[in-house]
Amino acid sequence: MSCLVSSTCSLVPIDSNLTRSNRSCKLGSAISWQSSFPKLSIEIGSVISSPIVKKDSFVQAAWTRRSRGEAAKRPNRKSWKQRTDMYMRPFLLNVFFSRKFIHAKVMHRPTSKVISVATTNARDIRTNIPSLVDNEACRLIGKLIAERSMEADVYAVSYEPRKGERIEGKLGIVIDTIKEHGIIFVP
């Protein structure tokens, strides 16, 4: 009995008693999963120990990872951490220092809604303090942000420093004042 390995089915016996499934393979019908098998053309002659492999046969990988072309289709896809971080730490503190004023706000990241705002440019604060950018102004902004956040039922806030930014000086004073007034900072 001799056998033939083809690309459409794994092993086709050459017999006169063919079943229906073997006949369809022998006729070369297309099978939907045939592309997942390697394409080989091996003929086994009368001597089983010496198979004859044709020169033009090649093996294709059945299952591969994402190809480079497929990865290039979505180069800006965010990582898992980038996609889930806004839900793990939903409230973000944003502090901005200009030459004349100090602005601070707490935002809800998934919806981009502002929860609380404090600035030394506000009319009631501007008239009551001598300097709008010194350390006392930083403490006042931190206290107002903490109070207004607690009124809005926000008790945990995160702060992401910008590239090369250190938490020291006026920024450190604002953050320490917020911590002293009962807001927890989530790393």
Side-chain angles (χ1 to χ4, degrees), residues 31-40 58-187:
I31 299 174
S32 62
W33 43 264
Q34 83 182 36
S35 62
S36 64
F37 291 110
K39 294 184 178 180
L40 285 176
F58 60 94
V59 177
Q60 289 181 342
W63 306 105
T64 59
R65 292 184 181 177
R66 238 171 77 177
S67 65
R68 288 184 183 156
E70 197 175 326
K73 289 178 188 173
R74 292 186 275 169
N76 297 330
R77 182 167 181 180
K78 294 181 178 179
S79 68
W80 176 256
K81 184 175 190 286
Q82 290 171 330
R83 286 181 280 158
T84 58
D85 190 44
M86 72 171 58
Y87 301 104
M88 302 302 278
R89 301 183 303 162
F91 298 104
L92 182 68
L93 175 68
N94 186 359
V95 183
F96 176 73
F97 298 96
S98 70
R99 290 184 180 182
K100 296 181 179 180
F101 307 109
I102 300 170
H103 305 280
K105 64 182 174 182
V106 175
M107 289 184 60
H108 187 247
R109 292 169 75 185
T111 59
S112 298
K113 301 234 178 187
V114 177
I115 304 301
S116 62
V117 178
T119 179
T120 55
N121 195 18
R123 197 174 292 158
D124 57 339
I125 297 172
R126 191 174 22 180
T127 57
N128 293 336
I129 57 176
S131 174
L132 302 178
V133 291
D134 65 347
N135 294 347
E136 289 302 317
C138 293
R139 286 188 187 91
L140 180 64
I141 292 298
K143 179 184 172 190
L144 288 173
I145 282 288
E147 289 173 358
R148 293 174 182 175
S149 296
M150 292 174 95
E151 286 175 10
D153 292 332
V154 174
Y155 297 97
V157 171
S158 64
Y159 180 76
E160 291 181 0
R162 294 178 184 90
K163 185 177 179 180
E165 186 178 38
R166 295 179 184 171
I167 301 176
E168 61 185 14
K170 292 179 183 178
L171 178 62
I173 292 171
V174 171
I175 291 176
D176 288 340
T177 308
I178 293 172
K179 286 179 183 177
E180 287 170 8
H181 285 87
I183 300 292
I184 300 167
F185 271 82
V186 180

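This is a predicted model, so every value here is computed, not measured.
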So, do [X] and [Y] sit near enough that their side-chain heavy atoms are less than 4.5 Å apart?
{"X": "Leu132", "Y": "Arg126", "answer": "yes"}
{"X": "Val133", "Y": "Lys170", "answer": "yes"}
{"X": "Arg139", "Y": "Asn135", "answer": "yes"}
{"X": "Met88", "Y": "Arg109", "answer": "no"}
{"X": "Val106", "Y": "Arg148", "answer": "no"}
{"X": "Ile175", "Y": "Leu93", "answer": "yes"}
{"X": "Val174", "Y": "Phe97", "answer": "yes"}
{"X": "Pro90", "Y": "His108", "answer": "yes"}

When rounded to the nearest 0.5 angstrom, what distance separates OG in Ser131 from CD in Glu136? 10.0 Å
Side-chain donor-acceptor distances from residues 177-185 under 3.5 Å, at least two apart:
| unit_1 | atom_1 | unit_2 | atom_2 | d |
| --- | --- | --- | --- | --- |
| Thr177 | OG1 | Ile173 | O | 2.7 |
| His181 | ND1 | Thr177 | O | 2.9 |

What pair of heavy atoms forms the shortest contact from Ala118 to Ile141, and how long is it? C-CD1, 3.9 Å
Hey, is the main chain of His103 close enough, under 3.5 Å, to the side chain of Thr120 for a donor-acceptor pair? no
